[in-house]
Amino acid sequence: MRKKMEEFYDTLKQLIRIPSVVGAEHSFFMFLKRELEDLGIKVEYYDGLLVAKGEEPQSGYISAHADRHGLICTGHDEFQYAAFVAKNKADLKGNSNSEELLQNFEMRFINQKVQAYEPWAGTYLGMGTIKDAFLCKRRNNIIFKVEGLDYLFPGTPIAFLDKLKINDNLLSAQIDNVLCVAMLIHMYQLGYKGTAFFTAAEEAGRSWRFLLEYFRRFDINTNELLVLDTSPYKNIETINHLDIVLRNKDENSYFRSPLKARIKKIVLKNRIKYHYKDEHIKNQMKQENTKVSLGVTELGRIIKESKNSIQGTTLQVPTIGYHTVEETTSKKSIEAMITILKNLYLQTK
């Protein structure tokens, strides 16, 4: 078990070093395609979607997001937060956690090192440092002053320079969304035979379109789509008392899937600490007499737009420091999620 987990963390370390800014995921997809094919997995590439198929592709449908936050050059020596540039805003409705965070976290980026890369080949184009960041209300986006990258052309993606930091039971990096990508590679290494989806542009609210298009393309219906993700919390005390996060619903849809009962049974059997995020948010609203969003998930949009022909549930790791290179979770949470996945898909049925 320890050796397998060491291999998982090695995979995660490697993936974190590969840039995958929202809207510029192609080079990351190519790296991922090579890694999966090296394991003997069949891989198909569609617009905004990489699909991995094991020997029994209908035995499971698991989705993870491949993109991460970063910057995009939008003019001479001008850089904006990639998820919120004008071309990416069509699917953002103002009720996601990402958009709420836009209002109050721009100063976290000061002195952060970044790397520019060519979006198709992934070629390294140079390194810079964020010297200032401010919210421009006219454009409703964070504008960055970056030292050292004034030669870049518009459209060039810039990723946060990042590496995995492990301190006892905690690990930190920009782990959303790469953590769940590493988990799916790990599952194939352990013998998973089903299908895995890796979606682009989740941080811009578009990933659900690519995945729903795949199901429609091949006339596939399922009530067992499992979407892996991280889930943000405000302080370390909360995640110290929480291993994994489940959901009954989000802002768009109620999750109705037999996976929910199976996951809860596994959680109880293995004494994994959990709660339902929607119930947690409602309790907070009641205590604080406030009104906030229940959150928007890829799954919720798919359920709504497919008119329930696609159903499923989510499985999330709790984190703090959301959408920064200091996003933190515990090894215990990661191992709890892997335990659940192994019990769902690797046990004899």
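This one's a predicted model, so the numbers in the text were calculated from it and none came from an experiment.
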Asp243 and side-chain contact (heavy atoms from CB on, under 4.5 Å): which partner among Met337, Arg271, His275, Lys273?
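Among the candidates, only Lys273 passes.
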Do Val317 and Ser231 have side chains that get closer than 4.5 Å, going by heavy atoms?
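No, their side chains stay 4.5 Å or more apart.
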Between Asp250 and Arg247, is there a side-chain heavy-atom distance shorter than 4.5 Å?
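Arg247 reaches Asp250 side chain to side chain.
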I'd like to know whether the aromatic ring centres of [X] and [Y] sit less than 6.0 Å apart in this structure.
X      : Y      : value
Tyr46  : Phe210 : no
Phe197 : Phe215 : yes
Tyr345 : Tyr192 : yes
His26  : Phe198 : no
Tyr214 : Phe218 : yes
Tyr81  : His69  : yes

Donor-acceptor side-chain pairing of [X] and [Y] below 3.5 angstrom:
X      : Y      : answer
Gln80  : Asn141 : yes
Asp150 : His76  : no
Ser207 : Glu298 : yes
Thr319 : Glu327 : yes
Glu237 : Asn240 : no

Could you check whether atom [atom1] of [X] has more than 12 heavy atoms from other residues, nucleotides or ligands sitting under 6.0 Å from it?
X      : atom1 : result
Lys145 : NZ    : no
Lys264 : NZ    : no
Lys304 : NZ    : no

Lys33/Glu37 ion pair, N-O < 4.0 Å:
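The answer is yes: the pair qualifies as a salt bridge.
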Is it true that Arg139 and Glu78 have a side-chain N and a carboxylate O under 4.0 angstrom from each other?
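Salt bridge between Arg139 and Glu78, a charged N being under 4.0 Å from a carboxylate O: yes.
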For side chain to side chain contact (heavy atoms under 4.5 Å, CB included), just list the numbers for Thr313 and Leu246, CA-CA rounded to whole Å, side-chain angles, deciding distance to a tenth of an Å, and then say yes or no.
CA-CA 8 Å; Thr313 194; Leu246 306 178; over 6 Å; no
Any donor-acceptor pair under 3.5 Å from Lys277 side chain to Pro232 backbone
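Yes: the side chain of Lys277 pairs with the backbone of Pro232.
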Determine the minimum heavy-atom distance between Ile16 and Arg68, stating which atoms define it.
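Here Ile16 and Arg68 meet closest at O-NH1, 3.2 Å.
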